[in-house]
Amino acid sequence: MDMQKTYNPQDFEKRIYDNWEKSGYFKAKVNPDKVPFTIVIPPPNITGQLHIGHALDETLQDAIIRFKRMQGYEALWLPGTDHASIATEVKIVELIKKEEGLTKEQLGREEFLKRAWAWKEKYGGRIVEQLKCLGSSCDWSRLAFTMDDRCSKAVKEVFVNLYDKGLIYQGSKIINWCPSCKTALSDAEVEYAEEDSYFWYLDYPLEGEEGKCLTVATTRPETMLGDTAVAVNPHDKRYSSFVGKYLILPIVNKRIPVVADDYVDMKFGTGAVKITPAHDPNDFEVGLRHNLEVIRVMNDDGTMNELAGKFAGMDRFECRKAIVEELKAVGALKKTEPHKHNVGHCYRCHSSVEPIVSKQWFVKMADLAKPAIAAVKNKSIKFTPSRFTKIYYNWMENIKDWCISRQLWWGHRIPVYYCEDCGEKMVLKDAPKCCTKCGSTNFRQDEDVLDTWFSSALWPFSTLGYPDMTEDLKYFYPTDVLVTGYDIIFFWVARMIFSGLEHMNRIPFKDVLIHGIVRDDKGRKMSKSLGNGVDPLEVIAEYGADTLRFSLVNGVAAGSDIRFSKEKCESSRNFINKIWNASRFVLMNCEGADIRPITEIKPEVKDKWILSRLNHTVKSVTMLMEKYDLGMALSICHDFMWYDFCDWYIELTKPALYGDDIAKKNATLSVLCHVLKETLKLLHPFIPYVTEEIYSNIPGTTGSIMVSEYPRYNSAYNYKKDAEKMNAVMDIIKAVRQIKVQAGAAPSKKVELIVVTENRKLVDSSADFICKLSGVSKIVFVSSKQDITEKVFTQVLNGFELFVPLGDLVDIEKEVSRLKAELEKTDSEIERAESKLNNPGFVEKAPAKLVDAEKQKLAKFQELKAKILANLKEYES
RNA sequence: GGAGGCAUAGCUCAGUUGGUUAGAGCGCUCGCUUCACAUGCGAGAGGUCGUAGGUUCGAGUCCUACUGUCUCUACCA
């Protein structure tokens with residue numbers, strides 16, 4: 001046995017991980033004799049390093065995969081990283097600006113991509129190291145990257161297939177544009193935030209009718225330069241005479257029609273809306289319905305273009321001010337009022353997003369969404385917790401076409417080629433040698449790359465070999481469970497589901513385990529601006545990976561957010577320290593002892609009690625693990641380890657361990673070893689390092705705990721009667737302790753215990769325990785309280801009356817009032833039970849088991865009451 | 001506008017399909033350096049489970065309304 005006095009994870013975590021890796025236990029292979037169990041990691045972005053949210057995600061996955069591996073599944077946890085197109089590109093742009101003083105355009109595409117791959121090598125590698133520190137049992141031989149050859153091949157295959165099926169198309173539509181990143185964004189990539197702004201009321205004069213005008217209200221006056229109509233509600237009587245007439249657009253002095261459209265809300269603003277089809281999604285729709293001209297007045301970088309006339313070249317916000325001034329000058333600004341409204345921001349750079357008309361590639365969603373909704377409706381895919389299905393439906397049922405092209409360089413380049421000579425468009429998996437139509441070799445590839453989520457959507461099968469029907473793909477797909485946060489249900493989970501169904505004809509996973517986000521100790525979201533982020537590596541350096549993992553999982557309900565605090569870490573560390581010391585106790589005593597397998601031991605009552613407790617624990621923990629209720633599973637392991645094993649069983653073994661009976665000592669130690677070993681196995685998925693370290697020191701164990709057999713429930717170990725006996729003894733011990741504390745006697749003071757009972761045999765056979773655990777020097781049996789001559793404290797239990805003579809410490813008056821309080825409590829229990837049993841509804845309708853239990857409870861309390869009364873009478877006489 | 005979560009001890013949170021006397025951690029009080037552990041041991045105090053109704057023999061748990069709070073989603077110019 002080689003264990004330091006204090007738990008010190010830094011001494012062994014690294015060594016253990018290295019051993020695991022060397023042993024090849026993490027590797028999974030196609031094995032027809034075993035049932036596969038597969039998890040693909042949600043690939044962390046290579047933008048930086050792992051944060052505490054990743055630590056939670058990986059801990060949950062590792063716990064599940066370790067559990068399944070021990071249960072005998074061929075467990076594969078497939079690791080990888082994500083190129084994170086826009087997020088990484090933003091970082092690299094910043095880097096080259098800082099280090100080389102260049103913009104990406106100045107650097108050029110080829111050089112830029114070199115920098116990006118270097119970044120990937122550096123940060124991708126770092127993330128892998130961090131995953132290892134956490135203890136993640138990933139199959140590193142399969143490490144994937146969303147832009148590696150395999151994934152790239154899958155992306156091209158899927159793009160071409162969808163295009164051929166007519167599910168990918170190119171079109172000019174209104175999309176979200178980030179003027180800072182200069183790329184299109186999908187709807188999911190826009191974040192809205194409320195901002196204080198103004199509502200500007202503008203007068204648009206009616207053509208040919210001097211002095212008459214229509215007032216529109218707008219939050220974006222600068223877009224009026226691109227107005228091509230004003231819309232009113234067809235039922236709005238105020239404006240019915242205007243419909244079909246023309247207005248003169250101020251400043252621009254252009255004729256624009258008044259159209260009637262249901263989209264307009266009569267009650268909002270003035271009931272008249274300026275229509276700018278090029279710069280507003282709703283206006284774009286109105287424009288389509290009324291055949292309006294689309295005039296785009298803004299450049300890609302957010303400045304005004306030549307169609308903005310004298311405002312050309314101005315930044316959009318500058319232009320807004322200038323337009324307002326100009327409108328005021330020409331008398332078209334009627335009034336201004338403060339207004340709060342939601343403005344969309346780029347989820348990566350946070351600039352405000354500009355809705356503009358642009359030619360982009362889209363995925364047609366309607367037909368893809370239907371089977372994806374059905375798969376969840378018919379429970380082929382189950383969300384845990386189930387409430388997240390509603391969030392999923394909500395999005396899927398209202399889904400719009402997915403804009404997948406990005407005007408970026410870092411990512412999968414769109415596999416579309418244009419012939420410079422004949423203009424032919426070629427959508428091909430591999431770059432053509434020449435134009436498929438005219439044979440020209442003068443062609444170019446589409447400049448754009450794909451949305452990063454396009455490749456992530458294929459992750460569960462691209463990493464296993466798709467489009468080739470490999471053995472891996474056949475064996476490990478569909479995967480079993482996907483573990484991720486609720487924040488990427490739309491971005492990722494939904495898209496994997498329809499992609500799996502479309503390209504593999506099968507769901508990508510059976511279960512989706514959703515967890516919450518990790519917040520700081522005050523419940524705030526961790527963010528760079530608040531500076532309240534917690535670095536998992538720092539926590540590991542201070543407390544060890546096991547403590548971090550324990551803190552993130554113990555007692556946490558699925559799907560709910562987690563508060564992370566130092567206090568929590570400390571209490572987790574204390575628990576692991578407790579395991580450490582309990583194990584030291586067991587192992588130190590084992591030295592030189594004859595430890596036998598549990599099957600060769602004849603257990604006595606205390607042993608049967610802990611074996612039955614262990615058995616129950618195994619049953620509930622296994623059940624909870626299978627339901628992915630890891631927080632509860634771990635909490636039950638914790639309670640068993642601390643309260644049953646350490647607080648009670650270890651103490652109960654001491655009389656035997658320090659006694660002279662060698663056979664008894666060996667038997668007890670064998671049970672101690674068995675229970676410790678099995679408990680460590682239950683804990684191993686959550687806290688792998690410390691359990692491995694201790695396990696290797698237990699006599700009789702060979703190999704790693706991570707490939708040991710997971711404990712199994714066995715009804716032969718229930719020992720119901722013995723467990724009840726032990727519980728009665730434990731009640732006696734607790735009662736004596738209570739008497740001593742209440743009397744103010746020192747814990748070390750040895751007292752005499754006088755017992756009235758019909759079950760003398762039980763007390764006799766457990767005398768060792770009672771004496772050792774409650775500081776009793778001698779147990780005396782009497783037939784009734786009348787036989788006691790000294791002043792005593794009294795405690796009445798079911799089947800036992802306990803009396804402790806404590807001489808002058810005994811205060812009769814206090815004792816009487818204490819007994820009266822006990823009596824009152826007992827009375828209220830009797831009353832409660834009686835009212836239930838007197839209720840015909842309860843007796844008739846409640847399950848017989850419960851009625852019986854209630855009857856027993858009543859009898860028990862009535863017996864207690866009788867004894868308390870008898871004791872009270874003694875004092876009164 | 002739509003949807004969802006949460007409201008339980010001083011604080012942070014558990015609480016399985018409704019069913020014994022509602023639990024834990026931290027904090028607090030009292031007593032202990034007892035031969036694994038003071039990162040500990042023993043004994044306690046502390047809760048009308050947000051409010052009002054309802055269903056039921058029985059509600060922290062199910063239903064309705066309300067109050068407070070957080071989040072997602074839509075983007076009404």
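Order of the sequence lines fixes the chain letters, A, B, ..., with proteins taken first and strands second; residue numbering starts at 1 for each chain. Predicted, not measured: the structure shown is a model, and the values here were computed from it.
- In this structure, A:Pro847 reaches the bases: a heavy-atom distance under 4.0 Å links it to at least one base atom across the strands shown.
- Distance NZ (A:Lys525) to C1' (B:U71): 8 Å, rounded to an integer number of Å.
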Please tabulate, one pair per line, each protein N/O and nucleotide N/O from nucleotides 13-18 of chain B that are separated by under 3.5 Å, including the distance.
unit_1 : atom_1 : unit_2   : atom_2 : d
B:C13  : OP1    : A:Arg563 : NE     : 3.1
B:A14  : OP1    : A:Ser560 : OG     : 3.2

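- In this structure, A:Leu587 reaches neither bases nor backbone, as no heavy-atom distance under 4.0 Å exists between it and the strands shown.
- A:Leu202 places a side-chain heavy atom less than 4.5 Å from the side chain of A:Leu333.
- Following rounding to the nearest Å, A:Phe645 (CZ) and B:C37 (C1') show an atom-to-atom distance of 13 Å.
- Taking every heavy atom of residues 335-342 of chain A and every atom of RNA chain B, pairs under 4.0 Å involve A:His339, A:Asn342, by number.
- Looking at heavy-atom distances under 4.0 Å, A:Ser748 makes no contact with the nucleic acid at all.
- With B:U71, B:A74, B:G5 as the candidates, the nucleotide lying closest to the side chain of A:Arg519 is B:U71.
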Tell me, with the steps shown, if A:Tyr486 and A:Asp561 meet side-chain hydrogen bond (donor to acceptor under 3.5 Å, both in side chains). CA-CA 10 Å; A:Tyr486 56 68; A:Asp561 289 351; 2.8 Å; yes
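- In this structure, A:Phe585 atom CZ and B:A36 atom P are separated by 6 Å, rounded to whole Å.
- For the P atoms, the distance from B:U20 to B:C11 is 27 Å, rounded to whole Å.
- A:Phe490 places its CZ atom 13 Å from the P atom of B:G4, with the value rounded to the nearest Å.
- Note on A:Glu829 versus A:Lys865: no salt bridge recorded, every NZ/NE/NH1/NH2 to OD/OE distance being 4.0 Å or above.
- A:Tyr263 comes within 4.0 angstrom of a nucleotide base, judged by non-hydrogen atoms across all strands.
- Exactly one of A:Asp546, A:Ile579, A:Asn574 qualifies for a side chain to side chain contact (heavy atoms under 4.5 Å, CB included) with A:Tyr7. That residue is A:Asp546.
- Residue-level contact check: A:Phe861 touches the bases, meaning some heavy atom is under 4.0 Å from a base atom.
- With distances taken from any side-chain atom of A:Phe842 to the nucleotides B:G42, B:G19, B:G25, the minimum falls on B:G19.
- For A:Lys772, counting side-chain heavy atoms from C-beta on, the closest listed nucleotide (B:C35, B:G31, B:C37) is B:C35.
- Contacts of A:Lys654 with the nucleic acid, taken as non-hydrogen atoms under 4.0 Å apart, include base atoms.
- Remark: the separation of the C1' atoms in B:G50 and B:U61 is 16 Å, to the nearest Å.
- Checking B:C37, B:A77, B:A43 against the side-chain heavy atoms of A:Phe199 singles out B:A77 as nearest.
- Across all strands, A:Lys749 comes closer than 4.0 Å to no nucleic acid atom at all (heavy-atom distances).
- Partner of A:Pro257 under the side chain to side chain contact (heavy atoms under 4.5 Å, CB included) criterion, out of A:Leu292, A:Ile275, A:Leu247, A:Thr228: A:Leu292 alone.
- Salt bridge present: A:Asp236 and A:Arg238 bring a charged side-chain N and a carboxylate O closer than 4.0 Å.
- If A:Asp647 and A:Lys400 are placed on RNA chain B by their nearest nucleotide, the residue sitting closer to the 5' end is A:Asp647.
- A cation-pi arrangement is found for A:Lys654 relative to A:Phe585, the charged atom lying closer than 6.0 Å to the ring centre and inside a 45° cone about the ring normal.
- Summary of the strand contacts: A:Trp395 and A:Glu570 both lie near RNA chain B, and taking for each the nucleotide with the nearest heavy atom, the more 5' one is attributed to A:Glu570.
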Its dot-bracket string being built from Watson-Crick and G-U pairs below 3.5 Å, with | for another strand and [ ] for crossing, RNA chain B has the pattern (((((((..((((.....[...)))).(((((.......))))).....(((((..]....))))))))))))....
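- Across B:A43, B:C37, B:G19, the shortest atom-to-atom separation from the side chain of A:Glu651 is found for B:C37.
- Rounded to whole Å, atom P of B:C37 lies 12 Å from atom CE of A:Met3.
- Side-chain contact between A:Tyr649 and A:Val671 is present, with heavy atoms from C-beta onward closer than 4.5 Å.
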Evaluate the side-chain hydrogen bond (donor to acceptor under 3.5 Å, both in side chains) criterion for residues A:Asn554 and A:His638: first the C-alpha distance (whole Å), next the side-chain angles of each, then the deciding distance (0.1 Å), finally the verdict. CA-CA 8 Å; A:Asn554 185 43; A:His638 164 276; 5.2 Å; no
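- Which of B:U73, B:G19, B:C41 sits closest to the side chain of A:Ala846 comes down to B:G19.
- The gap from the P atom of B:A36 to that of B:C41 amounts to 13 Å, rounded to the nearest Å.
- The A:Asp265 side chain lies nearest to B:A77 when the options are B:G42, B:C37, B:A77.
- Atom C1' of B:A14 sits at a distance of 7 Å from the matching atom of B:A24, rounded to the whole Å.
- Side-chain contact annotation: A:Lys274 with A:Thr276, donor-acceptor N/O pair under 3.5 Å present.
- When the nucleotides B:C37, B:A77, B:G19 are ranked by their closest atom to the side chain of A:Arg584, B:C37 comes out on top.
- Across B:A52 and B:U67, the matching P atoms stand 15 Å from one another, rounded to whole Å.
- Aromatic ring pairs are classed by plane angle as parallel below 30°, tilted from 30° to 60° and perpendicular above 60°; the pair A:Phe242 and A:Tyr239 is perpendicular.
- Nucleic acid contact for A:Trp642: sugar-phosphate only, since backbone atoms but no base atoms lie under 4.0 Å from a heavy atom of the residue.
- Here the side chain of A:Tyr658 is nearest to one of B:C72, B:C35, B:C37, namely B:C35.
- A distance of about 23 Å separates the C1' atoms of B:G44 and B:C49, rounded to the whole Å.
- Contact annotation for A:Leu850: base contact, defined as any heavy-atom pair under 4.0 Å involving a base atom.
- In this structure, the CD atom of A:Glu194 is 15 Å from the C1' atom of B:C72, given to the nearest Å.
- Look at CD on A:Glu397: it is 21 Å from P on B:C72, rounded to the nearest Å.
- Contacts of A:Lys860 with the nucleic acid, taken as non-hydrogen atoms under 4.0 Å apart, include base atoms.
- When distances are taken from the side chain of A:Thr6 to each of B:A43, B:A36, B:U39, the shortest belongs to B:U39.
- A:Tyr201 does not carry A:Lys334 over the face of its six-membered ring by the limits of under 6.0 Å from the centre and within 45° of the normal.
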